[in-house]
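Counting convention: from 1, in listed order, for ligands and their atoms alike.
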Amino acid sequence: MQAHFNIIGIIGAGAMGRGIAQIAAQAGSQVMLFDKDQNACSQAIKDLAAQWDKLVAKGRIEATVANTYKARLSVHAALNDLSQCGLVIEAIVERLDIKRELFAELESVVSPHALLVTNTSSLSVTAIAAGMKHPERMAGFHFFNPVPLMKVVEVIRGVKTSAASCTALTIYAKQMGHTPVQAQDTPGFIVNHAGRGFGTEALRIVSEGIADFATIDRILKDQVGFKLGPFELMDLTGLDVSHPVMESVYNQYYQEPRYRPSVITAQLFAGGLLGKKTGEGFYRYVNGVAELPVEPPPPVVDTLPPVWVSPRASRRAELLSLLKTLGATIETGASPSMNALTLVAPLGFDITTVAVVERLDPARTVGIDMLMDDAQTKRRVLATNPATRADMRDAAHALFARDGKAVSVIRDSGGFVTQRVVAHIVNIASDICQQGICSPQDLETAVTLGLGYPQGPLAMGNHCGPTNILEVLFNMQTVYGDTRYRPSPWLRRRGAIGLSLLQEES
Ligand code: NAI
């Protein structure tokens, strides 16, 4: 197969440049590498050769194929050597002034038809292209690290980028074995924008003293199916990367409250506790392995009180059937008896408010998160209010742990951990659709491939029920009085008429 671009140039032979060089050579292009540091280029050639030799040793490719790939790479000491390139991909230092200078110089080297693209992750493509003679041939081509394994690339259309430039990049991305997604030139593009929901809301929960970071990680992995919890993820990525991205997206959107970063990461970052790479972040690492706090066993309770379930509990029928399976004595009266454990299952509201509004005895009231289908989760989450008696808390904990399922008990907040984080993710994703940054389908693809979520954010919203997500957000907005939780109009419209979040408007 003939590559869409026979000869391409890659400027910057660092982590990203060499990854892009690998998949470009594999796609059949001649790859000309240029770096202001010549050692970076020779090191890249060595590393890539070693990479292909490894694939040969594993029997994944033939030695002749590896040799063909190697022969497609060349190192160049002058930018002028790149004059024959049909495409030049820039992957140099993340500085607007330096990138602009480079593109201005490149325009005087290549033909007017050559595409010039940037792998920037946080700068505006339009801003980099400003001042170019032909900004229509300049686009963002945003790969993820490590490039050969992260099979998605964002094709970013700046204000002046032509549709033909984006089409050519889309074809080439597919030849490289990657899935292209189309994004408008907006802060964080798709992946780094959609990813704001996960970490920032989890950080807020920690900052409110609702649950510690290890508990939040456990809950989100066991209830939603994330491979890593938000704190494990931040430790892995490194706060030197994650915290500036949080600040950058927040500030580029003129302090939009949905993206507000946290003083917790600001402080860890300032203190050099960056995560796994420095041996300590949220977790402490010994020989690269996180020291996880031990989860205490469920309390032993000899006699369990009868249980009364609020008529307003979400998924009430499922909750009652679960209680039956767990062998609870269920009260069916209009109100709880004097010694009953009183269960509520709100969406977005805190347990305190529910106890007050429903005129329940707060000392015996415990909440359970029923946003997710219990049968599909590996953990149940309970919440107390400040007046909940220890014996009632322990009774609820012991009861819900009876079948061996893990149980976490957290403090009262508007929305449980899963409700808060999932609703925030779905809301931000909905706002990406509202702003027309990309199509709903490309959003789902970008997030599942770029962030490794178990489902795309819109599918996650459908799974929980768009009306449930809306209820969580409306109620949290009431509890917190914070516009951070205002539902995106896109979500409101679909939730109101019971439309699937993946259904596009005609
Ligand atoms: P890096 O620091 O590993 O490599 C950058 C390379 O560019 C270095 O070899 C450096 O010598 C060279 N360079 C710097 N200024 C130059 C210039 N004026 N002319 C020629 N070469 C120059 O950086 P990395 O991580 O590969 O990032 C490159 C770009 O990709 C940045 O824009 C970054 O934001 C973006 N990016 C990085 C990702 C990551 O996870 N590392 C992910 C996605 C995008």
Give the single entry among Leu33, Ile92, Ile89 that approaches atom 31 (C) of ligand 1 most closely by any heavy atom.
-> Ile92
Within-shell test, His142 vs ligand 1, heavy atom, strictly < 4.0 Å | yes
Taken to the nearest 0.5 Å, the spacing of Ser29 OG from Ile23 CD1 works out to 10.0 Å
Check ligand 1 against Lys99 and write out every atom of the ligand that is under 4.0 Å from a heavy-atom position of the residue.
-> 31 (C), 32 (O)
For ligand 1, is there an N or O atom under 3.5 Å from any N or O atom of Glu90?
-> no
Does Arg196 pair with Glu201 as a salt bridge, N-O distance under 4.0 Å?
-> no
Give yes or no for whether the N/O distance cutoff of 3.5 Å, strictly under, is met between Ala15 and ligand 1.
-> yes
Do Tyr253 and His193 have side chains that get closer than 4.5 Å, going by heavy atoms?
-> yes
Given the protein's heavy atoms, is any one of them under 4.0 Å from atom 23 (O) of ligand 1?
-> no
Going by heavy atoms, is Glu101 under 4.0 Å from ligand 1?
-> no
Any non-hydrogen atom of Phe144 lying under 4.0 Å from ligand 1?
-> no
Residue pair Thr237 / Val245, side-chain heavy-atom distance below 4.5 Å = no
Looking at Arg95 and Glu101, does any basic side-chain N land under 4.0 Å from a carboxylate oxygen?
-> no
Heavy-atom contacts under 4.0 Å between Leu123 and ligand 1: side chain, backbone, both, or neither?
-> neither
Is the closest heavy atom of Leu102 to ligand 1 under 4.0 Å?
-> no
Is it true that Arg411 and Glu208 make a salt bridge, defined as a side-chain N closer than 4.0 Å to a carboxylate O?
-> no
Heavy-atom proximity to atom 33 (C) of ligand 1, picking from Lys36, Glu94, Met150, Met16, points to Glu94
